[in-house]
S.K.: 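Quick one: the structure is below, questions incoming.
Values reported hereafter were calculated over all heavy atoms of this structure, with side chains retained and with hydrogens, waters and symmetry mates removed. Positions are given from 1 along the sequence.
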Amino acid sequence: MEKPEGLTDLDVAARQQRAATTAKSVMKKLPEVTLAFWIMKIAATTLGETAGDLFAQTLKLGYFLTTIALFLLFVVTLVVQLRSRRYNPFFYWTVILSTSMAGTTMSDFMNRDASAKYLSGGATSLGWGPQGLGLGYPTGAAILISVLVVIFAVWKLTGMTFVIRDIVSFRGEALFWSAILVSNTLGTSMGNFLSDSSGLGYAGGAALVTGALLVLVALMRVPAVPNVLLFWIAFVLTRPLGATAGDFLTKPVAKGGLDLGTAGSSAVLLAVLIGLTGYAHIQERRNPAPSAPPETGEYDGATGRAD
């Protein structure tokens, strides 16, 4: 290979290195995990709770029809996200919202039944079709935990990274979103258990989850605890925080809520989430996410990073 005129050996080597680096890099599809990320996550999960209840209970579509409709919405939003070539805040947070809404009704359908205690506003029925399997929160949570463990086991066997900012492949993103859907459904079950069955009430359940999240923040300073493990625990726990917060906003005062209604609460939360997403979009345009190296399949469980 002839060296171009005027270039030294060092210049040629530098060009070759840059070319190799560019060829091996791909655009990031998922966001950086910052404080803004967690604020938007809590807003999205709270909206998922109120919106899911809006369709299933307030509009009386029922858990069965609402679960089917919201799961199809999740599939549509996921296809858009997977086909995107780079991180787009509107695409990403739309999928998060759709998983939160679908997770709300999926959890309710699994755990509840058609008994009067789950009907609102004096209704005698709730939509067409079966309105729940009646498994109960402990059984439902056990099933969802088992499914989530299986997803993470398969993910680990692929050797792909668990660090979301380094997930760039289609397979890695598919595993990520599968874990997100199940974790949001699990988080709803946990939130409903804390609010309805534990005796803590809505405010007490939210306070308990907030305390657990603060413990996770403290553990970030412990080198022996992988940050990637703390991330996924926090991701699951922010869902019951959203569930209890959503119930606190919408449930009657007699039950410990503020009785703001599902429609009004959902509208306000949607406006907040759109505003935050718009801000994230502006920041992304000003400071585009850098390219990331492809996933090599080597995962370091101690550091939570891919080699």
S.K.: Output, in order, the C-alpha distance, side-chain angles, deciding distance and verdict of side-chain contact (heavy atoms from CB on, under 4.5 Å) for Thr46 and Leu249.
M.R.: CA-CA 9 Å; Thr46 306; Leu249 292 173; 4.3 Å; yes
S.K.: Determine the minimum heavy-atom distance between Leu61 and Thr66, stating which atoms define it.
M.R.: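 Residues Leu61 and Thr66, closest heavy atoms: CB-OG1, 3.4 Å.
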S.K.: Under a 4.5 Å cut-off applied to non-hydrogen side-chain atoms, are Phe91 and Thr77 in contact?
M.R.: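 SC-SC contact between Phe91 and Thr77 ruled out.
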S.K.: Determine, step by step, whether Trp155 and Trp232 satisfy the ring-ring contact (aromatic ring centres under 6.0 Å, His included) criterion, reporting the C-alpha distance in whole Å, the side-chain angles of both residues, the deciding distance to 0.1 Å, and the verdict.
M.R.: CA-CA 13 Å; Trp155 195 340; Trp232 281 106; 5.7 Å; yes
S.K.: What's the separation between atom OG1 in Thr188 and atom CG in Asn184, rounded to the nearest 0.5 Å?
M.R.: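 Here the rounded value is 6.5 Å.
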S.K.: Given side chains that start at C-beta, do those of Leu194 and Leu208 come closer than 4.5 Å, heavy atoms only?
M.R.: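 In contact.
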S.K.: Under a 4.5 Å cut-off applied to non-hydrogen side-chain atoms, are Val215 and Leu219 in contact?
M.R.: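 With C-beta onward as the side chain, the pair touches.
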S.K.: Can you tell me if Lys41 uses its side chain to pair, donor with acceptor, with the backbone of Phe235 under 3.5 Å?
M.R.: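 The answer is yes, because a donor-acceptor pair under 3.5 Å joins these two groups.
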S.K.: Could you tell me if the side chain of Leu135 sits less than 4.5 Å from the side chain of Ile143, heavy atoms only?
M.R.: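 The answer is yes; the side chains approach within 4.5 Å.
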S.K.: Kindly indicate whether the side chain of Thr105, heavy atoms from C-beta on, has any atom under 4.5 Å from the side chain of Phe55.
M.R.: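 Thr105 vs Phe55: side chains apart.
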S.K.: Output the distance between atom CE (Met106) and atom CD1 (Ile68), rounded to the nearest 0.5 Å.
M.R.: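 Met106 CE to Ile68 CD1: 11.5 Å, rounded to 0.5 Å.
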S.K.: For the pair Tyr87 and Tyr92, name the ring-plane relationship: parallel under 30°, tilted 30 to 60°, perpendicular over 60°.
M.R.: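 Because their plane-to-plane angle is over 60°, the rings of Tyr87 and Tyr92 count as perpendicular.
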S.K.: Under 30°, 30 to 60°, or over 60°: which ring-plane class applies to Phe193 and Tyr137, parallel, tilted or perpendicular?
M.R.: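 Geometry flag for Tyr137 against Phe193: perpendicular rings.
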S.K.: Leu260 and Ser265: which non-hydrogen atoms are nearest, and at how many Å?
M.R.: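 Of all heavy-atom pairs spanning Leu260 and Ser265, the closest is CB-OG, 3.5 Å.
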S.K.: Given side chains that start at C-beta, do those of Met160 and Arg171 come closer than 4.5 Å, heavy atoms only?
M.R.: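 Of all side-chain heavy-atom pairs linking Arg171 with Met160, at least one is under 4.5 Å.
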S.K.: Just by distance, do the side chain of Thr250 and the backbone of Gly246 share a donor-acceptor pair under 3.5 Å?
M.R.: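 Pair found, side chain donor or acceptor close to backbone of Gly246.
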S.K.: State yes or no: do Phe90 and Leu82 share one hydrophobic cluster built from I, L, V, M, F, W and Y residues joined by side-chain heavy-atom distances below 4.5 Å, directly or via other members?
M.R.: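 No.
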S.K.: Ile96 and Ala44: which non-hydrogen atoms are nearest, and at how many Å?
M.R.: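 Of all heavy-atom pairs spanning Ile96 and Ala44, the closest is CG2-CB, 3.9 Å.
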S.K.: Linking I/L/V/M/F/W/Y whenever their side-chain heavy atoms sit closer than 4.5 Å, directly or via other members, would Leu269 and Tyr279 fall into one cluster?
M.R.: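 No, Leu269 and Tyr279 fall in different hydrophobic clusters.
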S.K.: Are any side-chain N or O atoms of Thr58 and backbone N or O atoms of Thr262, one a donor and one an acceptor, separated by less than 3.5 Å?
M.R.: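 A pair under 3.5 Å: no.
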S.K.: Measuring from atom OG1 of Thr139 to atom CG of Asn111, what distance do you get when rounded to the nearest 0.5 angstrom?
M.R.: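 Here the rounded value is 8.5 Å.
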S.K.: Distance check, rounded to the nearest 0.5 Å: Leu78 atom CG versus Glu173 atom CD?
M.R.: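 One finds 7.5 Å between CG of Leu78 and CD of Glu173.
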S.K.: Is the shortest side-chain heavy-atom distance between Trp177 and Gln81 below 4.5 Å?
M.R.: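 With C-beta onward as the side chain, the pair touches.
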S.K.: Answer yes if Phe170 and Leu181 sit in the same cluster of Ile, Leu, Val, Met, Phe, Trp and Tyr residues linked by side chain heavy atoms under 4.5 Å apart, and no otherwise.
M.R.: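 They do share one cluster, since a chain of ILVMFWY contacts under 4.5 Å joins Phe170 to Leu181.
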S.K.: Is there a path of hydrophobic side-chain contacts, each under 4.5 Å between heavy atoms, that joins Val217 and Ile39?
M.R.: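 In one cluster: no.
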S.K.: Between Thr45 (side chain only) and Ser100 (backbone N and O only), is there a donor and an acceptor less than 3.5 Å apart?
M.R.: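 It does not hold such a pair.
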S.K.: Can you tell me how far the NE2 atom of His281 sits from the CD1 atom of Ile274, to the nearest 0.5 Å?
M.R.: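 The distance works out to 13.5 Å.
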S.K.: Please examine the side chains of Val147 and Thr185, heavy atoms only from C-beta on, and report whether any two atoms are closer than 4.5 Å.
M.R.: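 Thr185 vs Val147: side chains apart.
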S.K.: Step through the shown structure and confirm whether more than 12 heavy atoms of other residues, nucleotides or ligands are within 6.0 Å of CZ on Phe71.
M.R.: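 No.
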S.K.: Distance check, rounded to the nearest 0.5 Å: Ile180 atom CD1 versus Ser98 atom OG?
M.R.: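 The OG atom of Ser98 is 11.0 Å from CD1 of Ile180, to the nearest 0.5 Å.
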